[in-house]
Visitor: 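Take this structure first; my questions come after.
Reminder, nothing fancy here: chain letters follow the sequence lines and each chain counts from 1. Only heavy atoms go into these numbers, but all of them, side chains included; no hydrogens, no water, no symmetry mates.
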2 protein chains.
Amino acid sequence: MAASTLTEVARLAGVSPATASRVLNGSARIPGKDIADRVRQAAESLGYIPNAQAQGLAKSSSGLIGLIVHDIADPYFAAIARGVQDAAREQHKMVLLATTEGAPDSEKEAVAAFAARRADSIVIAGSRTSRTEDLEGNTELAAELDRYCRNGGHVGVIGHGIVGAATADGYHVVSVPNEELAAQLATELAASREEDFVIVGGPEGLFTSDDRIRGFQRGLASAGLPAADVIRTDFTRAGGFEAGLALAARITASQPGTATKRLCIFAVNDVMAIGTAAALRSQGLRIPRDAAVAGFDDIETLRDFRPALSTVHLPLEEIGRQAASSAAGPSADDAGSPPITGQVILRRSTEVAHPTSAESAA
Amino acid sequence: MAASTLTEVARLAGVSPATASRVLNGSARIPGKDIADRVRQAAESLGYIPNAQAQGLAKSSSGLIGLIVHDIADPYFAAIARGVQDAAREQHKMVLLATTEGAPDSEKEAVAAFAARRADSIVIAGSRTSRTEDLEGNTELAAELDRYCRNGGHVGVIGHGIVGAATADGYHVVSVPNEELAAQLATELAASREEDFVIVGGPEGLFTSDDRIRGFQRGLASAGLPAADVIRTDFTRAGGFEAGLALAARITASQPGTATKRLCIFAVNDVMAIGTAAALRSQGLRIPRDAAVAGFDDIETLRDFRPALSTVHLPLEEIGRQAASSAAGPSADDAGSPPITGQVILRRSTEVAHPTSAESAA
DNA sequence: ACGCACTGGGAATGCGCTTTCCCAATATCC
DNA sequence: GGATATTGGGAAAGCGCATTCCCAGTGCGT
């Protein structure tokens with residue numbers, strides 16, 4: 001038993017398919033009350049469900065919004081996804097998900113797949129890169145997106161724009177002030193102490209990471225401090241852990257000479273920071289006593305982490321929502337949504353050591 | 001400029017649309033090599049992207065798999081989503097996402113929407129409920145699903161089957177041995193100590209929660225222990241926190257009389273456990289010194305939590321994958337995938353107190 | 001009372017593709 | 001060598017719906 005069609009409904013109601021279509025799916029012309037009721041009742045009794053594919057074909061618009069993330073299980077992306085999902089619901093659309101592990105070529109594939117499905121708009125989250133090995137992939141991605149836009153698609157990119165993407169109509173980017181916020185974090189961190197700063201960053205060429213590193217260094221510089229060492233590693237917990245191990249060795253080695261200052265480690269995202277902290281701990285070091293650690297993103301699930309992680313709050317959900325709705329169309333006034341802001345949140349993990357009562361406070 | 005169509009490609013290649021279709025999209029009949037090349041080249045030069053909607057309409061199958069979760073930002077669901085996404089990729093399908101906050105009626109809507117899009121299969125994650133206020137919703141959901149199945153759809157449900165769902169063809173459930181595992185957890189916890197047990201559970205009627213509670217009580221019973229008190233609260237971190245506050249008061253109150261045993265708190269999921277732990281801590285209590293805490297799920301992001309949380313590991317990703325592929329079709333032998341198993345993982349949060357060296361170990 | 005603009009419904013076309021059916025040309029067999 | 005398979009391509013009929021165009025009926029104006 002196949003699903004019933006509009007035609008069947010129309011026949012049962014004793015009207016033409018055209019009329020049935022008009023009453024069941026919002027049309028400019030609304031048939032007379034009595035007829036409408038008949039049709040609706042027929043539809044009800046048949047359990048009619050409109051075929052969205054056919055509707056899409058006829059209207060050439062699908063009610064779909066595509067979302068591209070690196071990994072949906074990463075809380076950062078999950079939070080963004082929630083925002084996108086919210087916006088989608090408001091727009092009465094569904095979200096189509098694609099995960100790409102961050103590879104430009106599979107992002108390109110995803111865009112093509114979305115284009116094939118005639119997604120009304122697509123949101124790309126996840127940091128852009130400028131690595132030379134990604135150059136070709138980025139170019140192709142940009143071309144694919146460009147084509148998608150020229151065909152009437154709308155795209156919302158989170159963070160940096162796609163490298164090489166023409167500023168076509170329908171191409172929006174929700175920019176995140178990574179650099180400024182990182183600078184601010186550095187400033188606040190520098191204000192209350194004197195320490196050696198170290199940055200645990202992602203691979204070179206990753207915009208999000210690079211921006212945060214640059215910002216942090218700038219903040220340090222403007223506080224009159226020397227630039228921090230930068231350790232490059234994976235943009236993941238594992239990467240952070242690895243870096244943490246190296247740093248633990250460094251800290252332990254310098255322990256004897258008590259003259260060395262405490263290390264303040266800035267990991268460019270919370271997940272990495274957690275990894276770094278775990279590594280430090282695994283080597284018997286304690287935070288913030290033996291080292292301060294700060295992250296970035298303020299991931300919700302991580303807020304109960306102990307010691308509470310200093311970080312930069314980012315309205316991830318809002319970012320996702322904005323990306324989805326900016327791509328939805330001009331809506332109201334195009335000035336629309338306010339720029340994204342974040343704020344530095346200093347918590348226990350970067351507290352200055354109180355030599356005496358270090359263990360007391362929660 | 002609209003996207004180019006198959007007809008245009010065919011014209012450019014000097015063949016009929018039929019032939020073009022045959023070469024570009026896997027068909028049983030493969031045209032001659034030379035013709036095929038001509039077509040492929042034409043497609044390439046036109047940047048042809050097949051219209052999936054039209055394909056779907058013609059073939060009546062969409063290459064879509066629908067996923068229904070409570071909240072995509074919840075790490076539990078995010079992990080499952082990743083598994084589903086994986087399976088989807090293997091099947092060359094895309095996943096369509098719907099979040100429902102767990103409300104049966106919006107789940108029903110989601111199913112209808114998926115049906116409208118002619119999703120090839122749909123996966124429902126998130127605990128089923130048997131609350132009377134959900135009864136109607138559940139019935140409608142079951143009806144909707146049943147209709148979907150009768151129309152040739154496949155559904156994979158995670159955990160419990162939908163209440164009242166007929167065992168139609170194409171209806172699969174990936175069952176999770178919540179009860180057994182909870183019993184096992186109780187047994188292991190009971191073995192090494194004597195404590196007062198308390199369960200922090202979700203609202204009554206939530207299968208996942210109820211199963212785990214029942215299992216835990218059974219485990220306690222078979223260890224000769226009395227049933228634990230059960231605190232009902234939300235199935236969220238906030239719920240856990242609230243319960244934790246109440247428990248903290250209870251612990252603090254009984255502190256004076258040193259005769260009371262340490263409390264061992266079993267929260268029915270990790271997120272709640274974290275909330276409970278946070279509440280305890282906020283009241284100056286320490287884990288595991290003043291109370292032991294255990295969770296369930298072994299959420300990845302929470303593994304670095306301190307003190308490390310005792311829990312039951314569930315192969316969430318695998319669960320999602322299985323749900324997606326069981327719904328995909330018989331594949332190989334239908335016995336297919338092995339049953340889901342989990343394992344109890346005892347960590348620091350339930351360690352027995354060493355009155356002396358309590359603060360030493362990591 | 002006649003012609004007018006309207007209103008409300010139906011017929012028909014097309015969205016882009018797959019697929020069945022059909023036909024011409026070549027290959028195969030006795 | 002003529003008849004029968006077999007191959008390779010095209011024509012055309014939908015898939016389920018939206019929508020444009022058309023037409024009958026109604027109200028109105030003068």
Visitor: Which pairs, with at least one residue in residues 39-57 of chain B and sequence neighbours excluded, count as a side-chain hydrogen bond (donor to acceptor under 3.5 Å, both in side chains)?
Guide: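 Checked against side-chain hydrogen bond (donor to acceptor under 3.5 Å, both in side chains) - neighbours excluded - the pairs reaching residues 39-57 of chain B are Asn25(B)-Gln55(B).
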Visitor: Just the rounded figure in Å: distance from C1' of dG16(C) to CD of Glu8(B).
Guide: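 The distance from CD of Glu8(B) to C1' of dG16(C) comes to 11 Å, rounded to the nearest Å.
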Visitor: Name all residues meeting the side chain to side chain contact (heavy atoms under 4.5 Å, CB included) criterion together with Ala143(B); count only those two or more places apart in sequence or in a different chain, and write none if there are none.
Guide: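 Testing Ala143(B) for side chain to side chain contact (heavy atoms under 4.5 Å, CB included), a comparison that skips the adjacent residues, returns none.
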Visitor: Within residues 33-43 of chain B, which residues have any heavy atom lying less than 4.0 Å from an atom of DNA chain D?
Guide: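 Residues of residues 33-43 of chain B that come under 4.0 Å of DNA chain D are, in numerical order, Ile35(B).
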Visitor: With sequence neighbours left out, write down each residue that passes side chain to side chain contact (heavy atoms under 4.5 Å, CB included) with Ser16(B), or none if nothing qualifies.
Guide: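 By the side chain to side chain contact (heavy atoms under 4.5 Å, CB included) rule, Ser16(B) matches Ala18(B), Thr19(B).
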Visitor: For Leu57(A) and dT18(C), give me the distance from atom CG to atom P, rounded to whole Å.
Guide: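 Value for this atom pair: 11 Å.
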Visitor: Output a table of donor-acceptor pairs, distance under 3.5 Å, between side-chain atoms of residues 109-126 of chain B and any protein atom two or more places apart or on a different chain; print 'none' if there are none.
Guide:
| unit_1 | atom_1 | unit_2 | atom_2 | d |
| --- | --- | --- | --- | --- |
| Arg117(B) | NH2 | Ser62(A) | O | 2.6 |
| Arg118(B) | NH1 | Ala115(B) | O | 2.7 |
| Asp120(B) | OD1 | Ser62(B) | N | 3.1 |
| Asp120(B) | OD2 | Gly63(B) | N | 2.8 |
| Asp120(B) | OD2 | Lys93(B) | NZ | 3.2 |

Visitor: Can you list the residues that meet the salt bridge (Lys or Arg N to Asp or Glu O under 4.0 Å) rule with Asp37(A), with sequence neighbours excluded?
Guide: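 Here the qualifying residues are Lys33(A).
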Visitor: Please determine if Glu107(B) and Arg128(B) form a salt bridge, counting it only when a charged side-chain N lies under 4.0 Å from a carboxylate O.
Guide: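 Result for this pair is yes, salt bridge flagged.
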Visitor: Who pairs with Asp134(A) by side-chain hydrogen bond (donor to acceptor under 3.5 Å, both in side chains), at least two apart in sequence or on another chain?
Guide: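 Asp134(A): side-chain hydrogen bond (donor to acceptor under 3.5 Å, both in side chains) contacts with Thr129(A), Arg131(A).
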Visitor: Could you pull out all residues at least two apart from Tyr148(B) that satisfy ring pair (Phe, Tyr, Trp, His ring centres under 6.0 Å)?
Guide: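 Scan of Tyr148(B) (ring pair (Phe, Tyr, Trp, His ring centres under 6.0 Å), adjacent residues dropped) gives none.
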Visitor: I'd like a list of close polar pairs between nucleotides 17-19 of chain D and the protein, N/O only, cut-off under 3.5 Å.
Guide:
| unit_1 | atom_1 | unit_2 | atom_2 | d |
| --- | --- | --- | --- | --- |
| dC17(D) | OP1 | Tyr48(A) | OH | 2.5 |
| dC17(D) | OP1 | Asn51(A) | N | 3.2 |
| dC17(D) | OP2 | Leu6(A) | N | 2.3 |
| dA18(D) | OP1 | Asn25(A) | ND2 | 3.0 |
| dA18(D) | OP1 | Gln55(A) | OE1 | 3.2 |
| dA18(D) | OP2 | Ser21(A) | OG | 2.5 |

